Amino acid sequence: MSGFDLYIRNGRVVTEEREFLGGVAVTGGRIAQLVEGNPPLEALEEIDAGGLLLLPGLVDAHVHFSEPGRGHWEGFETGSRGAAAGGVTSFVEMPLNAHPPTINAEALRLKQAAAAVSHVDYALWGGLVEDNLADLADLQAGGVVGFKAFMVTATDFPRSDARIMREGMAQIAGFGSFLAVHAEDEEMTGRLTMALRAAGRTDRAAWGEARPIAAELTAIDEAIGLAEATGARLHIVHVSCAEGIDRISAAKARGVAVTSETCAHYLFFDETDLERLGPVAKCAPPLRAPAEREALWDRVLAGAVDVITSDHSPCLWEEKTAGDADIFEAWGGISGVQSTLPALLTEGVAKRGLLLPDLVRMTAANPARLFGLYPKKGSLSAGADADLVLVDPDRRFTLQAADLEYRNRHSAYVGAQFLGSVQKTISRGLTVFDGGRIIGPAGHGERLDGAGLALSGRSRTGGGRA
Ligand code: ZN
């Protein structure tokens, strides 16, 4: 051995299984070996971690960077800067909020072109909507790593009814891929929204009343039923409530291939924050009651949640202030890709005893498994990409709008006090974020394609384990 490219030493290395004092040796952008203790090694570059946490970079399975077509909302350049600043070394970008939405081969090509400026690695979701069943195979062949559908009406992304879901799931199962769903019941949310608006309700609490937990549970049950009927793998995104997680756990116990996601904001905030902060904290499903947030934390701590993401969903500030007088008029979505890790370190590790290996499992290893990207991504193991994040768990800071790398520097997290700060982010061996600044180049990010159609009919490696 003539020496490594990079040796990061003297860290508290955290893997999905354990935590130990040591480091990581890197060659050719990949992890050459994990190092126990603090031995001298020959390397071209050495980083002394100074006792900081050394984690695998996060894989954020759920972001909206709104390009092409809505680059003024975010875009891949600024969005990926936010990712790098948040210790996120891979993200998977959703098929909606861009114009056009990613629902056919041509739209996928446009998105792939827009994404090429990314600072960190990325993969893309394809969309399932009411009229694109004939396009799903093209999307799969084009490299999407999963499919997303809405069970409830969303701004300019047509919802899928049970028939579309069933036919889509059957096709997608044949690809060896899976369907992620936004699970809220169309009839119930529609009826409640109309009734509240008819009664003149415009206040912040009305948003939560229009989208109760019952609406989420109805849709989750329906989606699970379709997964059982078709045998397709199902993933429920942004579950906001403990009972939703429990329904998914019960289905898993029956042998249904279903996984769960919650988002950092359901764990960091509750409905009193929507009341306090206003439209900037509006999202769907809505923030829940404080006791519900604690119950969701219980499920996270019990290991019942598969994946935690940001659901980074930006917009112009005017689209938030549009809801100042009427909460229903505001854009729904929280910008958070930069804050997931500090939020979970603060509310999880520091306050509730969340174990660091469990944090790694939910934010890096499991999301990578979901898309068949593990162990290349989400893992500290020899041969994995050297995607690393150095974290100071004792550093307190209050998030300022100026700290945000987003195109529109607003977020419900602005003003939040965090305990735990990202110091350095490394993507395939290259330091891309250091000491509060983005230092890696745009375009460093590489696209991670799915298995395509070659593996039709069977699951990809590790895909079922998430
Ligand atoms: Zn989303």
Side-chain angles (χ1 to χ4, degrees), residues 58-67 69-70 73-76 79-80 82-83 86 88 90-99 101-103 111 115 122-129 144-160 178-184 189 207 211 215-216 219-220 223 234-241 244 259-269 279-287 305-315 319-320 330-340 343 363 367 370-371 406 408 411-413:
L58 273 61
V59 178
D60 193 332
H62 190 158
V63 302
H64 302 263
F65 288 167
S66 312
E67 257 185 334
R70 278 205 185 111
W73 282 19
E74 187 62 273
F76 282 90
S80 68
V88 173
S90 306
F91 60 85
V92 189
E93 209 270 345
M94 281 289 177
L96 66 154
N97 299 359
H99 279 316
T102 317
I103 54 173
K111 174 151 289 190
Y122 58 93
L124 302 171
W125 290 93
L128 167 65
V129 293
V144 302
V145 292
F147 291 84
K148 168 81 177 288
F150 266 67
M151 299 176 75
V152 68
T153 295
T155 318
D156 60 47
F157 191 76
R159 73 176 280 262
S160 296
F178 70 106
L179 182 68
V181 297
H182 177 129
E184 288 184 292
T189 55
W207 179 246
R211 311 181 88 90
E216 222 183 318
I220 289 173
L234 173 69
H235 179 63
I236 314 273
V237 299
H238 51 51
V239 177
S240 72
C241 55
T259 46
S260 61
E261 169 195 289
T262 191
C263 305
H265 45 262
Y266 298 116
L267 298 165
F268 194 84
F269 299 112
V280 75
K282 175 183 171 179
C283 56
L287 299 175
V305 172
D306 295 299
V307 170
I308 303 178
T309 70
S310 68
D311 192 3
H312 179 81
S313 182
C315 65
E319 276 136 350
K320 285 298 192 184
W331 176 258
I334 290 176
S335 295
V337 68
Q338 200 172 321
S339 300
T340 300
T363 59
L370 194 63
F371 303 106
Y406 313 149
N408 295 285
S411 168
Y413 289 105

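Note that the structure is predicted; figures quoted are calculated from it, not measured. Ligands are counted one by one from 1 in listed order, and the atoms in each one are counted from 1 as well. Worth knowing before you read on, the calculation uses all heavy atoms, side chains too, and leaves out hydrogens, waters and symmetry mates.
- For the Zn ion (ligand 1), the set of nearby N, O or S atoms under 2.8 Å includes one belonging to His62.
- Under the 30°/60° scheme for interplanar angles, the aromatic rings of Phe371 and Phe178 are found to be tilted.
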Fill in: Derivation of the ring pair (Phe, Tyr, Trp, His ring centres under 6.0 Å) call for His265 and Tyr413
CA-CA 9 Å; His265 45 262; Tyr413 289 105; 7.3 Å; no
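- Ring pair His312/Phe65 is perpendicular by interplanar angle, where above 60° counts as perpendicular and below 30° as parallel.
- Each of Val59, Leu58, Val63, Thr309 was scored for a side chain to side chain contact (heavy atoms under 4.5 Å, CB included) with Phe91, with one residue passing: Val63.
- Note on His64: counted as a metal contact of the Zn ion (ligand 1), an N/O/S atom lying under 2.8 Å.
- The N, O or S atom of Asp311 with the smallest distance to the Zn ion (ligand 1) is OD1.
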